[in-house]
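This report concerns only the one structure given below.
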Amino acid sequence: MVTGDAVDEAVAQACDHPGLAVGLHLALNGAGSVLPGNPILTGILCFFSPAVRSQLRAEITAQLERFIDTGLPLSHVDGHYLLHLHPTVFAALLPLAEQYGFRGIRLPRDDLRLALRLDRAQAATKATWASIYALLCRVAERRLKGSPVAYTDRVYGFLQTGRMHEGFVVGLLRRIPATVSSAELYFHPSTQTWDEPYGPNPGDLAALLSPRVRRAVHERRARLTNYAALAVSGHRRMACPGHYCS
């Protein structure tokens, strides 16, 4: 998130670990912007106002430029609160892929049935999210036809946001259907607890560091990779079973 308070520290850490595939987390609502303006109002009005759509394109471009200025290779793009899937935002973002070279984009298509099988808590919320984002992802996928930008078959953990703990993740890895050839695992790791029900948490971090999770990955012979490493493979949808994101 190039508008975040800790961006300099994050860039320094990424430079110290050049094997990481670092993406841009677009901040268009719920966070600061590069350019002046109200990003929340922008999200609401961009359907109706050409001036606001112009402001939106300028803000997306400014954040991409700020990422490029870090000197880090741009692996992929997603959005804070997944606002990159807003049809107007997506339409403004996708043409910039060739110019700025990002290779992947997140389409958060989780598996509601599997998520509820492993954890039935907040079932109504999960069902609502699954319905809304299934529609948004279908619209986005139509726009991606003919584009070199990669996306995965599934994004597991989206419906379990904030609670991707060891037991759930191990159960998930053992039950992902063989028909799913590519998947992203969706985490919010943190060293401390935040006052956000779906936000960063130490349980997600513990799952990422868990030997049980690592064994479950090996047991299903999954290949850990990322968008940047696989974008040149020629697959329409990229296989990212080990692409851990916060």
Side-chain angles (χ1 to χ4, degrees), residues 1-11 14 20-109 129 132-133 135-152 155 158 161 184 186 188 199 226-228 231 237-238 240 243 245-246:
M1 186 184 290
V2 295
T3 63
D5 294 336
V7 63
D8 292 337
E9 181 183 359
V11 170
L20 291 175
V22 182
L24 172 64
H25 193 60
L26 275 174
L28 300 174
N29 66 332
S33 58
V34 171
L35 302 178
N38 186 325
I40 297 176
L41 185 61
T42 297
I44 297 172
L45 297 179
C46 59
F47 268 130
F48 309 106
S49 169
V52 172
R53 287 195 294 272
S54 178
Q55 180 188 354
L56 179 70
R57 287 191 295 271
E59 178 63 31
I60 292 171
T61 301
Q63 292 190 30
L64 284 163
E65 291 283 355
R66 183 170 289 188
F67 187 102
I68 297 303
D69 287 345
T70 68
L72 295 169
L74 177 56
S75 165
H76 56 278
V77 173
D78 55 44
H80 200 44
Y81 296 119
L82 299 172
L83 194 66
H84 69 290
L85 289 176
H86 187 298
T88 306
V89 176
F90 199 86
L93 174 63
L94 191 57
L96 298 172
E98 184 174 354
Q99 180 178 349
Y100 290 94
F102 63 85
R103 314 305 296 275
I105 198 163
R106 175 183 291 155
L107 298 190
R109 294 177 296 194
W129 286 8
I132 292 171
Y133 285 99
L135 176 60
L136 289 172
C137 287
R138 281 197 294 271
V139 173
E141 190 171 6
R142 285 198 294 269
R143 290 187 176 273
L144 282 164
K145 288 182 178 179
S147 167
V149 176
Y151 55 99
T152 59
V155 173
F158 166 59
T161 298
E184 177 183 339
Y186 186 99
H188 280 92
N226 54 56
Y227 287 112
R237 294 178 178 175
M238 308 313 295
C240 303
H243 180 61
C245 291
S246 62

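- Proximity of Val22 to Pro73: side-chain heavy atoms (C-beta onward) are nowhere separated by under 4.5 Å.
- Contact of the Leu144 side chain with the Phe90 side chain is registered, since non-hydrogen atoms from C-beta on lie closer than 4.5 Å.
- To the nearest 0.5 Å, atoms CZ (Phe67) and OG1 (Thr70) are separated by 5.0 Å.
- At least one side-chain heavy atom of Leu28 sits less than 4.5 Å from a side-chain heavy atom of Ile60.
- Formation of a donor-acceptor pair under 3.5 Å by the His84 side chain with backbone atoms of Gly79 is found in this model.
- The residue from Asp78, Asn226, Val155 that alone fulfils the side-chain contact (heavy atoms from CB on, under 4.5 Å) condition with Glu184 is Val155.
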Stepwise side-chain hydrogen bond (donor to acceptor under 3.5 Å, both in side chains) check, Glu59 with Gln63: CA-CA 6 Å; Glu59 178 63 31; Gln63 292 190 30; 2.7 Å; yes
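- At a threshold of 4.5 Å between non-hydrogen side-chain atoms, the residues Val77 and Tyr100 do not count as touching.
- The aromatic rings of His80 and His25 sit perpendicular to each other, their planes meeting at more than 60°, with 30° as the lower class boundary.
- For the pair Arg106/Phe158, no side-chain contact is recorded, criterion being any heavy-atom separation below 4.5 Å from C-beta on.
- Inter-residue side-chain proximity for Leu93 and Phe102 is flagged as met; some heavy-atom pair is nearer than 4.5 Å.
- The structure places CD of Glu141 at 11.5 Å from OG of Ser147, a figure rounded to the nearest 0.5 Å.
- The CD atom of Gln99 sits 7.0 Å away from atom OG1 of Thr61, with the distance rounded to the nearest 0.5 Å.
- Note: Leu64 CG to Leu26 CG = 6.0 Å, rounded to the nearest 0.5 Å.
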